[in-house]
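Protein chains get the first letters and strands the later ones, always in sequence-line order, with residue 1 at the start of each. Remember, it's a predicted structure, so these values are computed and weren't measured experimentally.
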There are 4 protein chains.
Amino acid sequence: MTKTVDPDPPAARVGRPRSERSRSEVLRAASDLMREVGLRAMTTDEIAARSGVGKATIYKWWPNKYAVAVEAFLAAMDTAAADPDTGSAERDFRLALRGIMQFYRGPNGRVFAQLIGEAQSHPDIAAELRHHLMQPRREVGRAIWDRGVARGELRTDIDREIAVDLVFGPAMYRLLATDAPLDAETADAIVAAAMRGLAAV
Amino acid sequence: MTKTVDPDPPAARVGRPRSERSRSEVLRAASDLMREVGLRAMTTDEIAARSGVGKATIYKWWPNKYAVAVEAFLAAMDTAAADPDTGSAERDFRLALRGIMQFYRGPNGRVFAQLIGEAQSHPDIAAELRHHLMQPRREVGRAIWDRGVARGELRTDIDREIAVDLVFGPAMYRLLATDAPLDAETADAIVAAAMRGLAAV
Amino acid sequence: MTKTVDPDPPAARVGRPRSERSRSEVLRAASDLMREVGLRAMTTDEIAARSGVGKATIYKWWPNKYAVAVEAFLAAMDTAAADPDTGSAERDFRLALRGIMQFYRGPNGRVFAQLIGEAQSHPDIAAELRHHLMQPRREVGRAIWDRGVARGELRTDIDREIAVDLVFGPAMYRLLATDAPLDAETADAIVAAAMRGLAAV
Amino acid sequence: MTKTVDPDPPAARVGRPRSERSRSEVLRAASDLMREVGLRAMTTDEIAARSGVGKATIYKWWPNKYAVAVEAFLAAMDTAAADPDTGSAERDFRLALRGIMQFYRGPNGRVFAQLIGEAQSHPDIAAELRHHLMQPRREVGRAIWDRGVARGELRTDIDREIAVDLVFGPAMYRLLATDAPLDAETADAIVAAAMRGLAAV
DNA sequence: GAATAAACGAGACGGTACGTCTCGTCTTATG
DNA sequence: CATAAGACGAGACGTACCGTCTCGTTTATTC
């Protein structure tokens, strides 16, 4: 099977084509609104009003405002998580976690937290976030882990997923459930503790 | 001054006193509804209908349905987090994390996740949860840590809060942002990894 | 006949007697409120608050706020309609209608109109008003009529009730359904027209 | 310029046009409800439920249920008051008043009374009723009067408005403030008395 | 260049939950 | 025992947002 039809590109569909301008205006308006009033307070009517796009058009291309929000959020941020690859797993983890903390701390951090929050009641949002946000991040973590194991820097008797959870979990815990700081020093301290362990000797 | 402050007890307030029955019925109805239809789909009208309490009475004592939900949730669960205190910090952490994972896995787990989710848009809910749920849990973690340090089982160069984050953070990360399992084996593996660290030797 | 049984006075009923102060305070508060905010906007709670009387006490002695309003209204106004009896039916009617118009025009006029309005949906209010307000007024009209007939000033082939309607009806018509003036000149014009008739010669 | 101003007709307004079906269903439902349960007991929710129209739509086009009621009432009745014009003012008045009495007596009579009643607390309802109900009726009365004067049947020293009040006032007085009958004989008696006057000779 | 087709903006629509308000009843402690 | 204070159940109110629909218009491909 050599990759079949591919429905869109040469399709040259009849009728008026989808307006790219509308799409981008909707996403921009949603992105702004999320930051200004928050995810919950943002209304579809306001997105429509700000973007100059009809409400029906929004509902034609997105199932609800949360889908718009997720797409707007992903488009607005640099979705590709950078993989440091400095030659040291500890240094890589440090840089990766610092990046995450910085992101959480920034203007998109609260929006992200609200999206994760909304996802607890909307399985489709949850799936979308997991696929486009969490997975890429974890993938970087896994790559760091694998390289460290290959270099003999890391234990081999620990499940890779557990290891990634240990490094990335505390940051989200702090973001969503505490008001503890999310700064670079904290990132470094978490990575240091995770690497060397809590037990004495 | 013999008479201690204590403004209320002998107050013998004038007028009809608040109905304890109404309060408990509201909380019970809310608790049931959260489990049955979820936090978002639960409506104030339905709480009123099920509890036989007037809607105005609900709004008199709680500002909105989320405040009811938080109180109902706290009342419904054994809010006092048990402190194992087995004489070993690792064993204590293991038991504590197993307890948390079991709670997350159970019927209240999803409700809790939805509450944390809602808290991202409602600062007052967030404060309530932090004060009545997160803090007691962390307090147990801190006690375990302090005892372990006193016994010489744990490192002394690690910030206590970081240590608690390392043990409890991954569980919440899994609950809210992944669909990874939340079983006892995972709890044990997380504690083991946290104690011994990720770095080789 | 020296004033008969009258069940209460010597009864020396057991328990705390009804507070006359409460009764009058309720009526005073209701009377004020009706004039200030209107009959519909007046609430039982506000009557209670202003009068310093418990709401339950109000409902103990009156079935609802409209009953309070009727009683307050009757108490506040000089309920006894004066019978002029000048020796001339036309002059009597003129004076009576002038009095009615003046009353309609005054601060109690709008309250009265609102009571009549409310009575359209509350048969008990209607009955109360008819008995204590309309009937005494009509009685004066009937007396004027009878004296005029006896004096030979008035036709004998007209039903007395019709005659009274003809003199008093236009005023209420103006009060309730038009914004035509309610002054003494109008009163005189109505009586003059009613007396002499509309037909030429 | 041949094409006269006429701003609306070819307007071809943008957006979905107002649903005529919704409007008429609301009015029909309100009309039914007023007759069935009365004006006060009729609720906006019930109008919405019966008409299959959203509550928000009702509030979009009418400020409250009374505005709906007035419009429904006017639409349901033959708003154009017929002008008899028989060639005799007395006969014209008789027919007109008979018609009014019949209307008051009928199923719409009580609704009308309740509307007038409500108007005592709602100036906008009052204005609406005056403009669309009272004025047309009075206009007929004025026309009858003018024709009678032209034909020399009626006095010329009586104010036209006073004359109309004299004929139409008693009927409303009876409807709203007494329980006296509203039949054709009464109508005839009133007109007869008004025409010939109350005074002897 | 006319016909066809789809997407578009505007905005009205049915539905539903919200939080507020008033009614008339009740449950206390007080006089 | 009547009272004042005030909490209560019931239920209507008017608002807000959701997601759908119905217009007339615009922008493309197809004949």
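Using a 4.0 Å cut-off between a side-chain N of Lys or Arg and a carboxylate O of Asp or Glu, Glu118(C) and Lys65(C) do not qualify as a salt bridge. Ion pair Arg21(B)/Glu25(B) not flagged as a salt bridge, since none of the NZ, NE, NH1 or NH2 atoms sits closer than 4.0 Å to an Asp/Glu carboxylate oxygen.
When rounded to the nearest whole Å, the span between CD of Glu118(A) and C1' of dC17(F) equals 14 Å. Taking atom CD on Glu20(A) and atom P on dT27(F), their separation rounds to 16 Å, with Å as the unit. If you measure from atom CG of Asp45(D) to atom P of dG11(F), you get 12 Å, rounded to the nearest angstrom. The CD1 atom of Ile58(C) sits 17 Å away from the P atom of dC26(E) (whole-angstrom rounding). Whole-Å rounding puts the Arg23(A) CZ to dA7(E) P distance at 16 Å. Residue His122(C) contributes atom NE2, which lies 11 Å from atom P of dC23(E) at whole-angstrom precision. Atom-to-atom, CE of Met42(D) to C1' of dG14(F) comes out at 15 Å; the value is rounded to the nearest Å. For Arg21(C) and dG31(E), the CZ to P distance is 14 Å, given to the nearest whole Å.
Closest non-hydrogen pair, Phe73(A) versus Met34(A), comes out as N-CE, 4.1 Å. Minimum interatomic distance between Ser31(A) and Ala72(A) (heavy atoms only, all atoms of both residues): N-CB, 4.1 Å. The two residues Ile47(D) and Ser51(D) come nearest to each other via the heavy atoms O-OG, 2.7 Å. The two atoms that bring Leu39(A) and Gln114(A) nearest to each other are N-OE1, 2.8 Å, heavy atoms only.
Set against dC8(E), dC13(F), dC18(E), the side chain of Lys60(A) has dC8(E) as its closest nucleotide.
Between Lys65(D) and Gly54(B), the residue anchored nearer the 5' end of DNA chain F, judged by the nucleotide with its closest heavy atom, is Gly54(B). With DNA chain E read from its 5' end, the first of the two nearest nucleotides for Glu46(B) and Ala48(D) is the one closest to Ala48(D).
At the heavy-atom level, Trp61(B) lies under 4.0 Å from the strands shown only through sugar-phosphate atoms.
Side-chain nitrogen and oxygen atoms of Ser22(A) include at least one within less than 4.0 Å of the OP1 or OP2 phosphate oxygen of dG9(E). Residue Thr44(A) places none of its side-chain N or O atoms closer than 4.0 Å to OP1 or OP2 of dC17(F). Put simply, Ser51(B) has no side-chain N or O that comes within less than 4.0 Å of OP1 or OP2 on dG9(F).
With sequence neighbours left out, the salt bridge (charged side-chain N to carboxylate O under 4.0 Å, His left out) criterion links Asp45(B) to Lys55(B).
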Interface polar pairs with nucleotides 20-22 of chain F, N/O, under 3.5 angstrom:
| from | atom 1 | to | atom 2 | distance (Å) |
| --- | --- | --- | --- | --- |
| dC21(F) | O2 | Arg16(D) | NH1 | 2.9 |

